[in-house]
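What follows is a short report on a single structure.
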Amino acid sequence: MPELPEVETLCRQLNTVLQGQEILRIDIMDPRLGSVERKRGGSGKVIPGTFTRKVAELIGQRVAAVTRRGKYIQLQMNGGMTVELHLRMSGRLLYLAADKPLSPSIVPYCRLTIGLSAGILLLIDPRRFATFAVQPDKIAPVLPDDPLEGLPARRLLEIARTRRMPVKSFLMDQRLVAGIGNIYACEILFAAGIDPRRPACNLTTVEWRKVSKAAKAILCRAVACRGTTVSDWRDLFGCIGTNQNHLEVYSRQAEPCRRCGGSIQRITLGGRGTWFCPICQK
DNA sequence: TATAATGTTAGACT
DNA sequence: AAGTCTAACATTAT
């Protein structure tokens with residue numbers, strides 16, 4: 001569910017609320033959260049009990065800072081460990097201050113709770129794709145370019161030079177560009193006037209410049225709006241975002257393009273729904 | 001009942 | 001070998 005702007009929203013809110021708090025307890029309601037980490041995390045050998053031990057080591061540590069890498073949320077602990085969360089399709093985080101009456105056990109789809117000195121952090125995830133990992137050390141900083149840090153046209157041109165994949169798939173490839181998902185890929189390409197099916201290697205410098213500008217504008221506004229709530233996205237405090245009011249193409253099949261009046265088309269690219277205006281996007 | 005949903009990735013192709 | 005495509009993951013909503 002969450003893309004870069006939603007994860008960035010959560011990180012900013014987590015920072016205001018979590019910094020300096022001590023972890024008092026961790027309850028994992030969904031055993032999948034542990035097993036997935038063991039299967040995919042680390043390289044190679046699986047030592048039984050390692051995950052449980054690492055989780056236990058977090059108790060008593062304090063949150064130093066909350067950072068983001070693409071769509072990953074990282075709680076940097078003062079002891080040097082890092083908790084890394086990925087919300088995937090349907091994950092949400094909810095923070096309840098200790099003086100709020102709501103009990104976590106009555107929150108539907110609550111898969112994990114982290115009890116802190118002044119409140120409780122809940123991971124809510126109906127589809128159970130979210131992941132929770134504990135790293136012994138600080139995680140290496142960002143690998144791919146992060147559009148919020150600036151995604152220069154010449155860099156895009158360089159990465160795309162050998163890629164024949166559709167430009168939309170290119171923008172959504174987390175190994176190449178960090179944080180862009182389905183909603184914002186569609187919106188960015190509409191703003192840039194580029195057909196999502198175009199092979200990435202065929203875009204000109206001028207076109208990449210448009211993509212770069214559009215990415216920054218679209219994502220910054222979405223962060224300012226605290227994300228896009230088209231179905232179930234909520235921020236850390238349960239509030240909806242407002243960026244859905246700015247969507248030009250996503251989920252607007254057969255509706256009129258606000259720029260030219262033509263009909264928005266829906267196609268499938270890389271297995272994902274893709275909306276665009278065939279008149280405005282070439 | 002069949003399809004699609006804001007994500008990622010292992011494995012199969014090319 | 002590297003790039004690309006597909007199915008799978010689990011669950012709900014339309």
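Lettering follows sequence order; numbering is per chain, from 1. In this text, all values refer to a predicted model and were calculated from it rather than measured experimentally.
- Among the protein residues, A:M89 comes within range of the nucleic acid bases, having at least one heavy atom under 4.0 Å from a base atom.
- When the P atom of B:dT9 is taken as reference, atom CD of A:Q174 falls 9 Å away, rounded to whole Å.
- Straight-line distance from the CZ atom of A:R32 to the P atom of C:dC9: 10 Å, rounded to whole Å.
- For the P atoms, the distance from B:dG11 to C:dA10 is 16 Å, rounded to whole Å.
- The number of heavy atoms from other shown groups lying within 6.0 Å of CZ (A:R258) is above 12.
- Atom CZ of A:R164 has 12 or fewer heavy atoms from other residues, nucleotides or ligands within 6.0 Å.
- Atom name P, nucleotides C:dA13 and B:dT8: the rounded distance is 23 Å, in whole Å.
- The residue A:R92 sits apart from the nucleic acid: no heavy atom pair falls under 4.0 Å.
- For the pairing with A:K168, the side chain to side chain donor-acceptor pair (under 3.5 Å) check across A:D173, A:D195, A:N182 returns one residue only, A:N182.
- Between A:R68 and A:L148 the shortest heavy-atom distance is NH2-CD1, 3.8 Å.
- Among the protein residues, A:G273 comes within range of the sugar-phosphate backbone only, with heavy atoms under 4.0 Å from sugar or phosphate atoms but none that close to a base.
- Residue A:G181 is classed as a sugar-phosphate contact, given heavy-atom separations below 4.0 Å to backbone atoms only.
- Computed from coordinates, the A:L269 CG to C:dT6 P distance equals 11 Å when rounded to whole Å.
- Counting to the nearest Å, the P atom of B:dA5 and the CH2 atom of A:W233 are 20 Å from each other.
- Regarding A:L176, its CG atom lies at a distance of 12 Å from the P atom of B:dT8, rounded to whole Å.
- A:R272 comes within contact range of at least one nucleobase, with a heavy-atom separation under 4.0 Å.
- By the 6.0 Å contact criterion, CZ on A:R25 is open, its count of non-hydrogen atoms from other residues, nucleotides or ligands being 12 or less.
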(message) Would A:T228 and A:Q244 count as a side-chain hydrogen bond (donor to acceptor under 3.5 Å, both in side chains) here? Give the steps.
(response) CA-CA 5 Å; A:T228 300; A:Q244 59 280 12; 5.3 Å; no
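- With distances taken from any side-chain atom of A:W275 to the nucleotides B:dG7, C:dT4, B:dA5, the minimum falls on B:dA5.
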(request) Determine which bases of DNA chain C form Watson-Crick or G-U wobble pairs with both distances under 3.5 Å, and write the result as a 5' to 3' dot-bracket string with | for other-strand partners. (result) .||||||||.||||
Any N/O pairs under 3.5 Å between the protein and nucleotides 11-14 of chain C? List them or say none.
residue, atom, partner, partner atom, Å
C:dT11, OP1, A:R128, NE, 2.7
C:dT11, OP1, A:R128, NH2, 2.7
C:dT12, OP1, A:Y109, OH, 3.1

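- Contact between the side-chain N/O atoms of A:H86 and the OP1/OP2 oxygens of B:dG7 is not found at any separation under 4.0 Å.
- Across all non-hydrogen atoms, the minimal contact from A:V167 to A:I194 is CG1-CG2, 4.1 Å.
- A donor and an acceptor atom, one from each side chain of A:T67 and A:Y72, are nowhere located under 3.5 Å apart.
- C:dA10 has no stacking from A:F129 on its base ring, since the centres under 5.5 angstrom apart and planes within 30 degrees of parallel are not both found.
- Under the 4.5 Å side-chain heavy-atom criterion for grouping Ile, Leu, Val, Met, Phe, Trp and Tyr, A:Y184 is not connected to A:L87 through any hydrophobic cluster.
- Checking A:T9, A:L121, A:L94 one by one against A:L236, the side-chain contact (heavy atoms from CB on, under 4.5 Å) holds for a single residue, A:L121.
- Residue contacts shown for A:S90 are absent, as no nucleic acid heavy atom lies under 4.0 Å away.
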